[in-house]
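Read through the structure below, which is laid out as structure tokens, and then see the notes.
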Amino acid sequence: MSSLPEFKTNVTYSRISQDDIHHFVSLLDDKRVLFDEESLIAYGHDETEDLVHPPEVVLKPESAAEVSAILRHCRERTIPVTAIGGRTG
């Protein structure tokens, strides 16, 4: 049985930069990289309560390779990632 990687505590996470946005657009395309206020508010809540926590960017990958490339970039830059499902609560 393989051992699990060491869990790091007290990590300082990075915010999304313009360079990150450009990188994500190069991986996907500009229609699947959302960072306008309306989209961020829409993706910042589910149907559970009236709580809104907008993300800095919404990425809409369509393949495992795209997901892998996004997660690799975020890990290298220490950018936190929150995956979403149906957003129904």
Side-chain angles (χ1 to χ4, degrees):
M1 185 162 103
S2 64
S3 62
L4 296 173
E6 183 180 332
F7 181 74
K8 296 179 182 179
T9 58
N10 299 322
V11 175
T12 302
Y13 293 103
S14 301
R15 296 190 63 112
I16 299 290
S17 69
Q18 281 301 115
D19 289 340
D20 295 318
I21 297 291
H22 291 299
H23 180 75
F24 295 138
V25 169
S26 76
L27 292 175
L28 307 175
D29 63 49
D30 60 349
K31 292 178 181 66
R32 294 187 291 137
V33 179
L34 310 176
F35 51 92
D36 61 285
E37 185 175 358
E38 183 178 345
S39 294
L40 299 181
I41 290 171
Y43 280 90
H45 72 90
D46 62 20
E47 300 306 320
T48 305
E49 298 180 52
D50 290 332
L51 302 174
V52 179
H53 301 282
E56 293 182 60
V57 65
V58 174
L59 305 175
K60 300 178 85 173
E62 294 179 348
S63 71
E66 289 175 345
V67 171
S68 180
I70 290 165
L71 293 178
R72 185 178 310 109
H73 178 80
C74 290
R75 182 166 193 249
E76 290 169 359
R77 290 260 304 113
T78 322
I79 297 169
V81 174
T82 303
I84 61 168
R87 299 179 348 169
T88 59

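On a predicted model such as this, the values are computed, not experimentally measured, just so you know. Both backbone and side-chain heavy atoms feed into the values below; hydrogens, waters and symmetry mates do not.
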Self-check item: Minimum heavy-atom distance between Asp20 and Arg15, given as atom pair plus value
Solution: OD2-O, 3.8 Å
Self-check item: Close side-chain approach of Ile70 to Pro61, heavy-atom, < 4.5 Å
Solution: yes
Quiz item: Between CG of Leu59 and CD1 of Ile84, what distance do you get to the nearest 0.5 Å?
Solution: 10.5 Å
Quiz prompt | Heavy-atom closest contact (Ser14 atom, Pro80 atom, distance) | solution = O-CD, 3.7 Å
Quiz prompt | NE2 on His23 to OG on Ser17, rounded to 0.5 Å | solution = 10.5 Å
Practice problem: Please assess Ile16 against Ile79 for the test side-chain contact (heavy atoms from CB on, under 4.5 Å), listing each intermediate value before the final yes or no. | Solution: CA-CA 7 Å; Ile16 299 290; Ile79 297 169; 3.6 Å; yes
Quiz item: Under a 4.5 Å side-chain heavy-atom rule over Ile, Leu, Val, Met, Phe, Trp and Tyr, are Val58 and Leu27 clustered together?
Solution: no
Quiz item: Which atom pair, heavy atoms only, marks the closest approach of Ile41 to Pro54?
Solution: N-CB, 4.4 Å
Quiz item: Going hydrophobic residue to hydrophobic residue with side-chain gaps under 4.5 angstrom, can you get from Val57 over to Leu28?
Solution: yes
Quiz item: Where the side chain of Ser68 meets the backbone of Ala65, is there a donor-acceptor pair that is under 3.5 Å apart?
Solution: no
Self-check item: Criterion salt bridge (charged side-chain N to carboxylate O under 4.0 Å, His left out) against Glu66, the qualifying member of Arg72, Lys60, Arg32
Solution: Arg32
Quiz item: Do the ring planes of Phe24 and His73 sit parallel (below 30°), tilted (30 to 60°) or perpendicular (above 60°)?
Solution: perpendicular
Practice problem: Can you see which heavy atom on Phe35 is nearest to which on Leu40, and at what distance? | Solution: O-CD1, 3.6 Å
